[in-house]
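Worksheet: the structure to be examined is printed underneath.
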Amino acid sequence: MVIRVLIIEDEKSLARFIELELRHEGFETKIAPDGREGLLLAIEEKWDLILLDLMLPSLSGTEICRRLRANKDDTPIIMLTARDSVFDRIYGLDSGADDYLAKPFEIGELLARIRSLFRRINRMDFIKKSNQLFYKDLLINQDACIVKQKEDIIQLTKREYELLTVFMKNINRVLTREMLLDIVWGFESSVETNVVDVYVRYLRNKLDSDSPSRYIETVRGIGYVMRQ
């Protein structure tokens, strides 16, 4: 996938230099020479990264940042500026920039900061994705407590949802009835182990009544398992 970078910079020679170096690295780029044009391009097109000068004609870099973030645009932004006081860095970051690079800079440092920024983004994406569980055509969104089979939402009770979540967190691991009872019901005194069998049957009926063991297999005399 080609990474698209918008360069909002009014210093023509610097903008051209950055553009050539990024293209050499395989990036797709476009230059906007003033703030208003840059904001318009940032809103109208999809970008993977914005390199944003702080001091621009018609609209400042910090104002562009604020407007993009107010518009729920989370495109990564690295701010470029000749002003490098602590106040200026704080001001730029607080306006919504993800990183701040003072001019003059070496192109190697800019590339290193871009790589570092994308590593952070990838880690955050992994954390978000880790709140989803997948098995065959089943998906559990743990944040929203939603179970989907292909594109259909499956309506489960709280116990059914908790039981399915345990299975999908333990793919290929045989779970005894006692283990499932402990995890899902907490060994409530009024609950017998056969309640696990009842709820597994409920799950099977809701997930695939035509093939009861398609998702949850019975391990005779022991318990149940979801196998890859």
Take Leu51 and Thr29, measure what side-chain contact (heavy atoms from CB on, under 4.5 Å) needs, and give me the verdict at the end. CA-CA 10 Å; Leu51 300 179; Thr29 63; over 6 Å; no
Contacts of Tyr135 meeting side-chain contact (heavy atoms from CB on, under 4.5 Å) (sequence neighbours excluded), chain-then-number -> Leu138, Met168, Ile171, Tyr215, Met226, Gln228
Solution key, residues 30-41 side-chain donor-acceptor pairs under 3.5 Å, sequence neighbours excluded:
from	atom 1	to	atom 2	distance (Å)
Lys30	NZ	Glu45	OE2	3.0
Asp34	OD1	Arg36	N	3.1
Asp34	OD1	Glu37	N	3.0
Asp34	OD1	Ser58	OG	3.3

So CE of Met79 and CD1 of Ile8: to nearest 0.5 Å the spacing works out to 9.5 Å
Locate the shortest heavy-atom distance separating Glu160 from Lys206; write the atom from each residue and the value.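 Minimum heavy-atom separation between Glu160 and Lys206: OE1-NZ, 2.7 Å.
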Shortest non-hydrogen pair, Phe27 vs Val2, comes out as C-CG1, 4.4 Å
Using the salt bridge (charged side-chain N to carboxylate O under 4.0 Å, His left out) criterion, which residues pair with Glu106? Sequence neighbours excluded.
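Partners of Glu106 under the salt bridge (charged side-chain N to carboxylate O under 4.0 Å, His left out) test: none.
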- Query: Should Leu139 and Asn141 be marked as a side-chain contact (heavy atoms from CB on, under 4.5 Å) after you check the CA-CA gap, both sets of side-chain angles, and the distance that decides it?
  - Reply: CA-CA 6 Å; Leu139 178 149; Asn141 184 324; 4.2 Å; yes
message: Show, in sequence, the C-alpha distance, side-chain angles and deciding distance for Trp185 and Val195, and conclude whether the side-chain contact (heavy atoms from CB on, under 4.5 Å) test is met.
response: CA-CA 10 Å; Trp185 283 267; Val195 78; 4.1 Å; yes
Residues which pass side chain to side chain donor-acceptor pair (under 3.5 Å) with Thr75, listed by chain and number, not counting sequence neighbours
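With sequence neighbours excluded, Thr75 shows a side chain to side chain donor-acceptor pair (under 3.5 Å) to Asp73, given in chain and number order.
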_Let's go through Asp99 and Arg115 carefully: what are the C-alpha distance in whole Å and the side-chain angles of both, what is the deciding distance for salt bridge (Lys or Arg N to Asp or Glu O under 4.0 Å) to 0.1 Å, and is it a yes or a no?_
CA-CA 12 Å; Asp99 202 354; Arg115 291 192 296 269; over 6 Å; no
### Donor-acceptor pair between Arg67 and Thr62 side chains, under 3.5 angstrom
no
Using a 4.5 Å side-chain heavy-atom cut-off and chaining through intermediate ILVMFWY residues, the residues clustered with Val225 come out as Val174, Val219, Ile222
Practice item. Please answer: with hydrophobic residues joined when any side-chain heavy atoms are less than 4.5 Å apart, are Phe17 and Leu49 in the same cluster? Key: yes
In short, salt bridge (Lys or Arg N to Asp or Glu O under 4.0 Å) pairs touching residues 52-61 with sequence neighbours left out are Asp53-Lys103
